[in-house]
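Presented below is the structure to which this report refers.
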Amino acid sequence: MWVDSHVNLHGEKFAEDLPEVVTAAREAGVGTMLTICCKLAEFKEVLSVAERFDDMYCSVGTHPHEAKHNPDIVADDLLAHIDHPKVIGIGETGLDFHYNYSDEDVQYANFQAHIEAARVSQLPLIIHSRNADEKMATILENEHAKGAFPLLLHCYTGGADLAQRSAALGGYISLSGILTFNSAKDIRALVPGLPEDRILIETDCPYLAPVPYRGRRCEPHMVTEIGKKLAEIKGWSIAETQARTTDAFFRLFSKAKRPAVEAS
């Protein structure tokens with residue numbers, strides 16, 4: 001079984017054919033998906049997608065791009081939603097100093113609220129980090145010193161230092177379709193040094209379609225191509241790659257229920 005650990009299935013890009021998209025993923029052997037909340041105001045819509053399908057879960061959070069829409073967010077705003085059985089993660093949250101769609105101080109405050117919610121709930125913190133490696137690593141280290149929380153650096157595009165410092169905190173890393181891009185030599189070079197029991201894969205659909213689907217809307221079934229590239233880099237068989245990445249997902253997102261019968 002494959003797991004797609006980060007999809008964005010709510011909204012207009014999948015409004016017309018969501019059932020068909022999910023069916024295509026199932027036929028490709030994708031047994032579980034985690035659909036992500038990027039704006040607290042959209043949480044009900046995200047949750048409704050998770051509720052429609054078996055083995056579909058969701059998160060609750062506000063992306064750093066959207067932090068300006070929740071400038072006064074506190075941990076309790078997130079914790080109010082975590083009792084639902086489909087809610088298994090906190091985020092997507094973090095820091096993005098590439099686009100700077102939200103002011104830095106607002107991003108920091110937003111991220112802090114999510115960290116506190118993850119620490120209290122012990123649900124994994126799903127982290128977006130772009131052009132923020134040193135600040136991100138320092139914040140994670142300082143916050144872990146106050147009390148540990150599970151964490152995942154999603155769609156990893158950072159450097160070796162952040163990867164290593166996160167791993168030292170027990171952090172997991174998720175690899176996206178970027179892994180297959182010709183330009184992503186630096187990311188592929190990092191893979192051999194990642195903890196082998198803490199690697200996840202994701203599509204981040206509808207974005208970042210992997211080779212050979214570049215230029216198309218990304219869909220969950222395409223996570224198989226990311227898995228194949230990871231297997232190639234690591235020297236693993238496809239079955240081993242499925243097992244390792246699936247085990248890592250359910251180890252991290254321990255609230256999710258592993259399917260009783262997994263696709264082959």
Side-chain angles (χ1 to χ4, degrees), residues 5-15 34-47 49 58-81 87 89-118 123-140 142-143 151-159 161-163 166 171 173-179 181 183-184 186-187 202-210 214-215 217-218:
S5 67
H6 198 107
V7 299
N8 301 277
L9 293 179
H10 70 288
E12 62 183 17
K13 292 194 176 182
F14 291 105
L34 172 54
T35 192
I36 301 298
C37 180
C38 290
K39 186 187 293 186
L40 202 53
E42 297 176 347
F43 172 70
K44 289 183 178 179
E45 184 180 359
V46 175
L47 178 61
V49 172
C58 73
S59 66
V60 58
T62 293
H63 193 288
H65 289 344
E66 309 295 342
K68 60 192 173 187
H69 297 297
N70 298 117
D72 301 316
I73 193 171
V74 295
D76 284 347
D77 295 328
L78 303 162
L79 294 170
H81 303 289
V87 180
I90 303 294
E92 176 179 355
T93 183
L95 303 172
D96 192 310
F97 300 142
H98 176 76
Y99 288 110
N100 288 304
Y101 288 151
S102 294
D103 291 341
E104 285 194 20
D105 58 340
V106 176
Q107 290 191 48
Y108 285 127
N110 180 68
F111 191 30
Q112 183 64 46
H114 287 70
I115 290 171
E116 292 174 7
L123 294 181
L125 186 70
I126 302 163
I127 301 170
H128 171 110
S129 180
R130 190 165 186 189
N131 288 14
D133 279 24
E134 177 58 33
K135 291 178 179 177
M136 177 59 69
T138 299
I139 288 172
L140 292 176
N142 290 343
E143 290 298 327
L151 66 94
L152 170 66
L153 291 168
H154 111 89
C155 190
Y156 195 73
T157 57
D161 185 64
L162 175 57
S166 170
I173 284 181
S174 184
L175 303 169
S176 71
I178 293 172
L179 189 68
F181 295 2
S183 60
D186 290 347
I187 301 302
E202 63 172 273
T203 57
D204 200 13
C205 67
Y207 317 107
L208 304 173
R214 298 291 291 131
R217 178 186 69 174
C218 188

Is Ile127 close to Leu151 at the side-chain level, that is, under 4.5 Å between some pair of heavy atoms?
yes
Val7 vs Cys205, test: side-chain contact (heavy atoms from CB on, under 4.5 Å). Steps then yes/no.
CA-CA 5 Å; Val7 299; Cys205 67; 3.5 Å; yes
Sidechain-backbone polar pair: Glu45 side chain, Gly11 backbone, donor-acceptor under 3.5 Å:
yes
For the side chain of Ser59 and the backbone of Gly91, is there at least one donor-acceptor N/O pair under 3.5 Å apart?
yes
Go through Leu78 and Leu40 one step at a time and tell me if the side-chain contact (heavy atoms from CB on, under 4.5 Å) criterion holds.
CA-CA 8 Å; Leu78 303 162; Leu40 202 53; 4.1 Å; yes
For Phe181, which residues count as a ring-ring contact (aromatic ring centres under 6.0 Å, His included) partner, sequence neighbours excluded?
none
Checking Arg130 side chain against Leu95 main chain: does a donor-acceptor pair fall under 3.5 Å?
no
For a side-chain contact (heavy atoms from CB on, under 4.5 Å) check, start with the C-alpha distance between Gln107 and Lys135, then their side-chain angles and the critical distance, and finish with the verdict.
CA-CA 12 Å; Gln107 290 191 48; Lys135 291 178 179 177; over 6 Å; no
Check: Ala67 main-chain N/O paired with Asn110 side-chain donor or acceptor under 3.5 Å:
no
Dump the intermediate steps for side-chain contact (heavy atoms from CB on, under 4.5 Å) on Glu116 and Glu143, then the final yes or no.
CA-CA 9 Å; Glu116 292 174 7; Glu143 290 298 327; 5.7 Å; no
With Asn8, the side chain to side chain donor-acceptor pair (under 3.5 Å) member among Asp204, Thr203, Thr35:
Asp204
Kindly indicate whether the side chain of Cys58, heavy atoms from C-beta on, has any atom under 4.5 Å from the side chain of Leu47.
yes
Which heavy-atom pair separates Ile178 from Cys155 by the least distance, and what is that distance?
CD1-SG, 4.0 Å
Does the side chain of Met136 reach to within under 4.5 Å of the side chain of Phe97, using non-hydrogen atoms?
no
So do Ile115 and Ile139 actually touch side chain to side chain, heavy atoms under 4.5 Å?
yes
Asn100 CG: over 12 foreign heavy atoms closer than 6.0 Å:
yes
Are the side chain of Asp77 and the backbone of Val74 linked by a donor-acceptor contact shorter than 3.5 Å?
yes
His114 side chain to Thr62 main-chain N or O, any donor-acceptor pair under 3.5 Å?
yes
His154: which residues meet the side chain to side chain donor-acceptor pair (under 3.5 Å) condition with it, sequence neighbours left out?
His6, Glu92, Glu202
For the side chain of Ser102 and the backbone of Pro64, is there at least one donor-acceptor N/O pair under 3.5 Å apart?
yes
With sequence neighbours left out, what residues match His65 under ring-ring contact (aromatic ring centres under 6.0 Å, His included)?
His63, Tyr99, Tyr101, His128
